[in-house]
Amino acid sequence: MKTLLTCLLVMVLSAQLFAQTKYAILPKPTRLEEKSGSFMVPAKLAIAVPAGNDNVRQIAQLLADQLAKSSGNTPTITTGKASKGISFVLEKAGSLGAEGYKLMVSPKNITIAAEQPQGFFYGVQSLMQLMPSAVFSPTKVAGVTWSVPACVIDDRPRYSYRGSMLDAGRNFMPVPFIKKYIDLLALHKMNTFHWHLTEDQGWRIEIKKYPKLTQIGSIRPKSMIGKYSDNAYDGKPYGGFYTQDEVRDVVKYAQSRYVTVVPEIEMPGHSVAVLAAYPEFGSNPDKILQVSSKWGVHDEVLFPREETFTFLQDVLTEVMDLFPSQYIHIGGDECPKTQWKQSRFCQDLMKKEGLKDEHELQSYFIRRIDKFITSKGRRMVGWDEILEGGLSPNATVMSWRGVNGGVAAARQNHDVIMTPNTYCYLDYYQADAKTQPIAIGGFLPLEKVYSFNPSVTDSLTADQSKHVLGVQANIWTEYMPTTQYVEYMTFPRLIAIAETAWTPSDGKNFDDFKQRLEAHKKRLNYLNVNYFGSPINNTFQYQWPKAVAGK
Ligand code: ACM
């Protein structure tokens with residue numbers, strides 16, 4: 001009897017495991033009903049789209065192109081309904097919302113229904129994750145049975161903001177990698193790419209009116225190697241920036257994947273690269289500065305002079321021309337007040353404006369920028385330091401020093417994006433530091449990242465909770481000199497954050513996530529992603545070159 005029960009238990013458990021890998025969609029859909037049978041993808045597959053809807057046709061084309069590459073058979077795109085193929089069906093505005101979709105797979109056909117193109121795009125992401133992992137291959141894979149398990153999926157996101165920040169300031173990230181990164185966000189139904197474009201260690205975006213920002217500000221004389229405490233440098237100049245044409249190309253590419261690109265232009269801190277190019281916007285116009293080679297926080301900051309505001313408005317005008325995003329990120333974090341405290345000009349301005357301390361002076365700075373951005377019909381977002389000294393009227397807050405900044409902002413009825421370092425900083429170690437390449441510190445294994453619940457319902461009322469727009473993963477790149485490093489630190493932890501952002505909290509389960517992730521890794525292998533634990537790691541250089549101290 002006991003043996004029989006054990007056998008039954010094993011059968012039930014393995015059936016569950018099989019189901020989870022058969023329906024291994026990440027992030028997990030809101031509702032998935034398994035059905036029996038499978039749709040066999042025919043060699044001559046028809047994909048039908050609604051007539052006259054170019055956006056939906058383009059999404060169908062992305063699916064057709066990928067199937068053509070990986071299976072060797074090119075689907076045809078038609079209009080109307082495909083009785084034996086895949087049909088994209090437009091729903092009337094109702095319950096699905098802008099990003100929701102329904103996916104119905106039967107042995108006879110497949111239907112994706114949505115109200116908006118974005119919903120179809122997400123329906124396609126789920127459909128591809130029901131297909132054999134080979135569908136993600138860039139080249140034809142032989143010997144695959146192209147079947148799709150039958151099911152009914154009804155899906156929409158928990159949060160409207162699902163993002164990732166990538167720091168291109170500390171280490172420059174080439175455009176092809178930015179596109180790959182955007183693809184990987186889209187694959188996991190993330191809809192925002194926050195592009196961190198300026199730093200003490202490098203200004204990375206061409207601004208026509210201020211050419212020295214890139215001529216001087218994009219190049220640092222050397223870079224730190226090894227741990228921060230080693231204080232060691234490689235002695236080699238390092239640079240890179242995006243031309244405006246490249247930025248436009250990236251923004252367009254992201255649009256076709258339903259990813260909004262939010263630019264970040266840091267102020268008033270993290271601005272040494274600006275001051276190396278234009279010292280007149282800092283403490284002393286005659287001070288000669290170099291773009292910083294050292295990581296960390298620097299005392300040299302922008303000064304709240306009229307000339308500085310004119311400069312920043314000019315820069316933001318060019319930035320807003322390039323980025324159609326509603327949000328414009330202005331940084332606002334880690335601005336030491338040392339220089340402002342010592343400056344006659346700043347102290348006089350504080351008196352004149354009735355500002356009681358330097359935090360209020362920072363608020364004055366940010367409020368002026370907020371007013372400018374708002375006057376252009378956009379919305380300003382900044383790191384949670386913008387709360388100190390008073391929040392400017394239209395600001396959205398990115399809560400990074402834990403969730404408290406987010407809670408404080410939501411209580412003031414301001415919108416919030418949760419990106420606490422306690423869960424969302426993917427530059428922290430993901431395993432025992434002794435076994436890992438050098439990282440900034442911290443410890444955030446996958447399970448901890450997965451456990452985050454952004455809604456903090458114990459601290460907020462239901463109405464205040466509505467201000468929590470979503471979640472973001474942050475990838476700061478001081479200790480990631482190559483794109484392979486970035487992938488290693490980002491994946492699979494970013495997928496855990498994607499699931500937190502998309503899946504209702506009662507649908508989340510770490511064991512179930514891990515099982516789906518095992519199936520998903522085969523897809524990531526086809527996509528050549530160097531995730532933590534991937535086969536590519538075999539050739540991965542864990543240790544930095546030996547540092548030459550003081551070089
Ligand atoms: C931050 O990590 N300084 C926003």
Side-chain angles (χ1 to χ4, degrees), residues 27 54-56 58-59 62 97-101 114-125 156-168 173 175 177-198 204-205 242 244 246-266 316-331 373-374 376-383 394-398 415-419 424 454 467-475 490 494 497-498 500-502:
D54 286 349
N55 289 330
V56 177
Q58 274 161 19
I59 294 162
L62 283 176
E99 299 188 293
Y101 68 93
E115 294 170 14
Q116 298 289 335
Q118 203 161 343
F120 286 109
F121 185 81
Y122 294 141
V124 166
Q125 302 315 309
R156 77 213 64 192
R158 178 180 181 194
Y159 287 110
S160 62
Y161 185 107
R162 306 178 302 280
S164 174
M165 189 265 342
L166 181 63
D167 167 14
M173 301 291 142
V175 168
F177 178 69
I178 296 288
K179 289 184 176 173
K180 180 179 182 184
Y181 198 81
I182 288 168
D183 279 340
L184 290 168
L185 293 183
L187 170 68
H188 300 103
K189 303 188 176 83
M190 299 282 252
N191 63 6
T192 308
F193 172 55
H194 167 176
W195 203 356
H196 187 79
L197 287 163
T198 73
R204 306 269 174 245
I205 176 169
Y242 307 103
Q244 294 203 348
E246 285 172 327
V247 169
R248 275 189 211 95
D249 177 47
V250 165
V251 167
K252 191 159 165 251
Y253 185 85
Q255 274 168 345
S256 70
R257 270 95 184 138
Y258 297 90
V259 171
T260 301
V261 187
V262 173
E264 180 180 354
I265 305 295
E266 275 268 18
L316 289 171
T317 298
E318 289 193 33
V319 166
M320 285 189 272
D321 278 350
L322 293 167
F323 295 90
S325 59
Q326 184 66 24
Y327 277 124
I328 302 294
H329 202 303
I330 53 77
I373 290 175
T374 304
K376 303 290 173 201
R378 307 294 184 95
R379 295 181 70 189
M380 188 195 77
V381 56
W383 301 109
N394 311 298
T396 292
V397 172
M398 269 191 184
D415 285 344
V416 169
I417 291 142
M418 288 296 193
T419 177
C424 299
H467 286 292
V468 178
L469 302 184
V471 193
Q472 177 167 291
N474 288 339
I475 293 92
T490 305
L494 181 122
I497 293 181
T500 296
W502 182 278

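For the single chain, residues carry numbers from 1 onward in sequence order. Below, all heavy atoms of this structure are taken into account, side chains as well, without hydrogens, waters or symmetry copies.
- With sequence neighbours left out, Ala395 forms a side-chain contact (heavy atoms from CB on, under 4.5 Å) with Met380, Ile386, Leu391, Ser392, His414.
- Distance alone, capped at 3.5 Å, places no donor-acceptor pair between the Thr419 side chain and the Cys424 backbone.
- Here the straight-line distance linking atom OH of Tyr242 with atom CG of Leu197 works out to 7.0 Å at 0.5 Å rounding.
- Note that CZ of Phe193 and CE of Met165 are 9.0 Å apart. Values are rounded to the nearest 0.5 Å.
- Annotation: side-chain contact (heavy atoms from CB on, under 4.5 Å) contacts of Ser164 (sequence neighbours excluded): Tyr181, Leu185, Ala473, Ile475, Leu494.
- Of the possible polar contacts, none joining the Arg379 side chain to the Asn394 backbone as a donor-acceptor pair under 3.5 Å is found.
- Between Tyr101 and Val124, the closest side-chain pair of non-hydrogen atoms is not below 4.5 Å.
- Aromatic ring pairs are classed by plane angle as parallel below 30°, tilted from 30° to 60° and perpendicular above 60°; the pair Tyr327 and Tyr161 is perpendicular.
- Note on ring orientation: taking the six-membered ring where Trp is involved, the planes of Tyr122 and Trp502 are perpendicular (angle over 60°, cut-offs 30° and 60°).
- Judged by distance alone, with hydrogens and angles left aside, the side-chain atoms of Glu115 form a donor-acceptor pair with the main-chain N or O of Gly97 at under 3.5 Å.
- To the nearest 0.5 angstrom, His188 atom NE2 is 9.5 Å from Gln125 atom CD.
- For Pro117 against Tyr258, the heavy-atom pair with the smallest separation is CB-OH, 3.2 Å.
- Rounded to the nearest 0.5 angstrom, Gln472 CD and Met190 CE are separated by 8.0 Å.
- Nearest heavy atom pair, residue Leu62 against residue Ser256, reads CD1-O, 4.1 Å.
- Among residue pairs with one or both ends in residues 248-264, those qualifying as salt bridge (charged side-chain N to carboxylate O under 4.0 Å, His left out) are Lys179-Asp249, Asp183-Arg257, Asp245-Arg248; sequence neighbours excluded.
- Between His194 and Trp383, a ring centre-to-centre spacing shorter than 6.0 Å is recorded.
- Arg162 contributes a side-chain N or O that, together with a main-chain N or O of Lys189, makes up a donor-acceptor pair within less than 3.5 Å.
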